[in-house]
Undergrad: 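What follows is a single structure, and I will ask about it in a moment.
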Amino acid sequence: MYGTIARLHPRADRTEELMAHGRRLEDVNVPGFRASYLFRPDKEPYDRPTVFLVALFDDEASYKANAESPDQHERYLELRALLEDDPDWMDGTFEGV
């Protein structure tokens with residue numbers, strides 16, 4: 001599988017809205033999409049609220065096709081409006097253990 005992990009900093013009082021946005025994306029039909037997760041740490045590891053996003057795809061080709069699509073760009077703009085700053089993205093291969 002291929003995908004991304006992103007560190008997100010929600011705007012003040014927008015964390016729950018961010019979580020709801022993530023749940024809505026589970027219903028989007030994207031070829032090759034497997035799953036996405038939002039992880040909210042019990043203890044803030046940083047100096048401000050932080051949420052981690054994980055998105056999984058069948059392979060790198062389906063991930064990149066989605067990343068380059070106009071529909072994904074619109075979804076990104078919706079996400080970005082909930083954040084203080086741009087996400088910190090890390091793309092790569094997910095291996096089972």
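What you see below is based on every heavy atom in this structure, not just the backbone, and it leaves out hydrogens, waters and symmetry mates. Residues: numbered from 1 along the sequence shown.
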Undergrad: Going by the rule salt bridge (Lys or Arg N to Asp or Glu O under 4.0 Å), which residues pair with E16 if we only count those two or more places apart in sequence or in a different chain?
TA: R40
Undergrad: For E84 and R48, which heavy atoms make the closest approach, and how far apart are they?
TA: OE1-NH1, 2.8 Å
Undergrad: Do the side chains of H21 and L79 get nearer than 4.5 Å, heavy atoms only?
TA: yes
Undergrad: Between R34 and D59, does at least one N-O distance fall below 4.0 Å, as a salt bridge requires?
TA: no
Undergrad: Taking a hydrophobic cluster as the set of Ile, Leu, Val, Met, Phe, Trp and Tyr residues connected by side-chain heavy atoms closer than 4.5 Å, whether directly or through intermediates, do I5 and Y37 fall within one such cluster?
TA: yes
Undergrad: With rounding to the nearest 0.5 angstrom, report the NE2 to CG distance, H73 to D71.
TA: 11.0 Å
Undergrad: With a 4.5 Å cut-off on side-chain heavy atoms, are L56 and F94 touching?
TA: yes
Undergrad: Taking 4.0 angstrom as the limit, do K64 and E60 come out as a salt bridge?
TA: yes
Undergrad: What are the two closest non-hydrogen atoms of D91 and Y63, and how far apart are they?
TA: OD1-OH, 2.8 Å
Undergrad: So, taking the atom named CG in L53 and the one named OG in S36, what distance separates them when rounded to the nearest 0.5 Å?
TA: 6.5 Å
Undergrad: I'd like to know if R75 and E78 make a salt bridge, using a cut-off of under 4.0 Å between side-chain N and carboxylate O.
TA: no
Undergrad: In terms of hydrophobic clusters joined by side-chain contacts under 4.5 Å, are V51 and L77 together?
TA: yes
Undergrad: Would a 4.5 Å heavy-atom cut-off, applied to side chains only, mark L82 and R11 as touching?
TA: no
Undergrad: Do L18 and P10 come close enough that some side-chain heavy atom pair is under 4.5 Å?
TA: yes
Undergrad: Would you kindly confirm whether F52 and M90 end up in one hydrophobic cluster when ILVMFWY residues are joined by side chain heavy atoms under 4.5 Å apart?
TA: no
Undergrad: Does atom CG (D13) have a neighbourhood of more than 12 heavy atoms from anything else shown, all under 6.0 Å?
TA: no
Undergrad: Would you kindly confirm whether W89 and L83 end up in one hydrophobic cluster when ILVMFWY residues are joined by side chain heavy atoms under 4.5 Å apart?
TA: yes
Undergrad: Taking side chain as C-beta onward, heavy atoms only, is F33 less than 4.5 Å from D58?
TA: no
Undergrad: What pair of heavy atoms forms the shortest contact from T50 to H9, and how long is it?
TA: OG1-CD2, 3.4 Å
Undergrad: Donor-acceptor pair, R7 side chain versus P87 backbone, under 3.5 Å?
TA: no
Undergrad: Do Y2 and F57 have ring centres separated by under 6.0 Å?
TA: no
